[in-house]
Amino acid sequence: MLGRLTLSLLMTLTISSVVACTDLTSEDEETSNLSSEEQACMHDEAAKLAVLKKLHDRYQDINVALADGYKLGVIYNGNLVVNGCVSNLANPALGAMGYHYFLQDRFDDAKIKELKPEVLVYHTGANGTRVLGAVEWVVPKPAWDAKHGVDADAPEVYGQMMMILNPMLNWYVAHAWLWKDNPSGVLSDWNPDVTCP
């Protein structure tokens with residue numbers, strides 16, 4: 001588990017120094033543009049996060065995300081939800097997340113793939129611009145239970161069990177803050193350095 005590993009340590013990791021490989025077939029075409037060294041490192045959690053970041057760097061331009069089908073909010077049970085800036089109202093000291101841009105088909109499929117998160121999370125930057133801060137994995141618990149059984153363990157990403165943060169939504173979620181430093185940790189859900197306007 002990465003705990004308080006800082007983003008700078010994550011990004012300075014020398015990927016090519018990792019020698020063990022894992023099977024990448026479950027991530028299919030997402031890894032096709034990786035070097036053989038990057039593919040070889042896919043068992044190491046920090047190195048895998050560096051690969052995840054590389055695969056999503058293009059979405060630092062929000063227009064690229066929009067062109068690829070990401071939309072603010074998601075349709076769930078016939079309603080558009082999570083279409084504003086998300087902050088922790090119960091404990092403001094924990095910070096916020098920001099604006100969630102979903103790929104609806106990934107959200108609907110009840111699968112969790114580490115290299116294919118369902119959401120890009122943007123925070124407010126200078127002059128109100130949207131700046132990419134994190135990716136997020138999301139799966140509604142009822143869909144997960146229907147696929148894996150009511151007593152199934154919660155899904156995991158990068159060795160971390162996904163949590164239900166909002167009982168009203170009843171979704172398993174996990175974040176990776178790859179573009180915005182998070183004092184609480186790269187894999188923390190809330191970022192105290194993010195605020196909503």
Side-chain angles (χ1 to χ4, degrees), residues 2 6-8 10-13 15 24-39 41-42 45-76 80-87 95-140 155 157-158 162 171-182 186-191 193-197:
L2 294 174
T6 64
L7 187 58
S8 59
L10 174 67
M11 294 307 116
T12 57
L13 176 69
I15 293 175
L24 297 176
T25 55
S26 66
E27 302 294 349
D28 50 57
E29 77 282 353
E30 286 296 311
T31 58
S32 63
N33 63 342
L34 300 180
S35 69
S36 58
E37 291 84 7
E38 288 167 328
Q39 291 188 31
C41 77
M42 291 304 294
E45 301 302 336
K48 286 192 326 189
L49 284 172
V51 170
L52 175 68
K53 181 180 184 295
K54 178 181 178 179
L55 289 172
H56 291 81
D57 269 343
R58 67 187 181 274
Y59 297 125
Q60 291 181 76
D61 181 343
I62 196 168
N63 294 310
V64 174
L66 296 171
D68 281 356
Y70 286 90
K71 294 183 180 174
L72 180 61
V74 69
I75 303 297
Y76 184 61
L80 179 64
V81 296
V82 196
N83 59 334
C85 189
V86 176
S87 61
M97 295 175 190
Y99 298 92
H100 292 66
Y101 286 76
F102 287 78
L103 277 180
Q104 185 76 46
D105 60 339
R106 284 191 191 169
F107 175 81
D108 290 338
D109 71 8
K111 297 176 185 173
I112 294 295
K113 291 186 176 182
E114 288 182 337
L115 293 178
K116 293 185 175 184
E118 288 72 15
V119 183
L120 301 172
V121 183
Y122 291 82
H123 59 93
T124 305
N127 302 319
T129 58
R130 302 266 166 101
V131 179
L132 183 61
V135 293
E136 181 179 6
W137 298 266
V138 180
V139 64
V157 289
Y158 299 102
M162 294 173 66
W171 297 350
Y172 290 116
V173 301
H175 293 77
W177 292 90
L178 302 175
W179 298 270
K180 171 76 173 165
D181 190 30
N182 186 347
V186 172
L187 297 177
S188 294
D189 290 308
W190 302 102
N191 189 328
D193 289 345
V194 171
T195 58
C196 288

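No hydrogens, no waters, no symmetry mates; every other heavy atom, side chains included, goes into these values. These figures come from a predicted structure and were not determined experimentally.
With sequence neighbours excluded, no residue forms a ring-ring contact (aromatic ring centres under 6.0 Å, His included) with Tyr99. Residues satisfying the salt bridge (Lys or Arg N to Asp or Glu O under 4.0 Å) test with Asp57, not counting sequence neighbours, are Lys53. Under the side-chain contact (heavy atoms from CB on, under 4.5 Å) criterion, Lys71 pairs with no residue at all, not counting sequence neighbours. Among residues two or more places apart in sequence or in another chain, the side chain to side chain donor-acceptor pair (under 3.5 Å) test is passed with Asn83 by none. Qualifying salt bridge (Lys or Arg N to Asp or Glu O under 4.0 Å) partners for Asp68, counting only residues two or more places apart in sequence or in other chains: Arg58. Residues satisfying the ring-ring contact (aromatic ring centres under 6.0 Å, His included) criterion with Tyr70, sequence neighbours excluded, are Tyr59.
For the pair Trp190/Val86, a side-chain contact is recorded, criterion being any heavy-atom separation below 4.5 Å from C-beta on. Using a 4.5 Å heavy-atom threshold, the side chains of Val186 and Tyr158 count as separate. Using a 4.5 Å heavy-atom threshold, the side chains of Met97 and Val194 count as separate. Side-chain contact between Asp193 and Trp177 is absent, with no heavy atoms from C-beta onward closer than 4.5 Å. Contact annotation: the side chain of Ile62 never approaches that of Leu120 to less than 4.5 Å [non-hydrogen atoms, C-beta and beyond].
Across every non-hydrogen atom of Leu52 and Ala176, the tightest pair is CD2-CB, 4.4 Å. Heavy-atom minimum distance, Val157 versus Ala174: CG2-CB, 3.5 Å. Between Pro155 and Val139 the shortest heavy-atom distance is CG-CG1, 3.9 Å.
Atom-to-atom distance recorded for Lys180:NZ and Asn191:CG is 6.5 Å, nearest 0.5 angstrom. If you take CG on Leu178 and CD on Gln60, they are separated by 10.0 Å, rounding to the nearest 0.5 Å. Here CG of Asp108 is found 9.5 Å from CD1 of Ile75. Values are rounded to the nearest 0.5 Å. In this structure, Asp109 CG and Glu118 CD are separated by 6.5 Å, a value rounded to the nearest 0.5 Å.
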| task | Please report the C-alpha distance between Trp171 and Val74 in whole Å, then the side-chain angles of each, then the deciding distance to 0.1 Å, and finally whether the side chain to side chain contact (heavy atoms under 4.5 Å, CB included) criterion is met. | result | CA-CA 12 Å; Trp171 297 350; Val74 69; 3.6 Å; yes
Solution key, residues 126-137 side-chain donor-acceptor pairs under 3.5 Å, sequence neighbours excluded:
unit_1: Thr129; atom_1: OG1; unit_2: Ala126; atom_2: O; d: 2.9
unit_1: Arg130; atom_1: NH1; unit_2: Tyr101; atom_2: OH; d: 2.6
unit_1: Glu136; atom_1: OE1; unit_2: His100; atom_2: NE2; d: 2.8
unit_1: Glu136; atom_1: OE1; unit_2: His175; atom_2: NE2; d: 3.2
unit_1: Glu136; atom_1: OE2; unit_2: His175; atom_2: NE2; d: 3.4
unit_1: Trp137; atom_1: NE1; unit_2: Lys113; atom_2: O; d: 3.1
unit_1: Trp137; atom_1: NE1; unit_2: Glu114; atom_2: O; d: 3.2

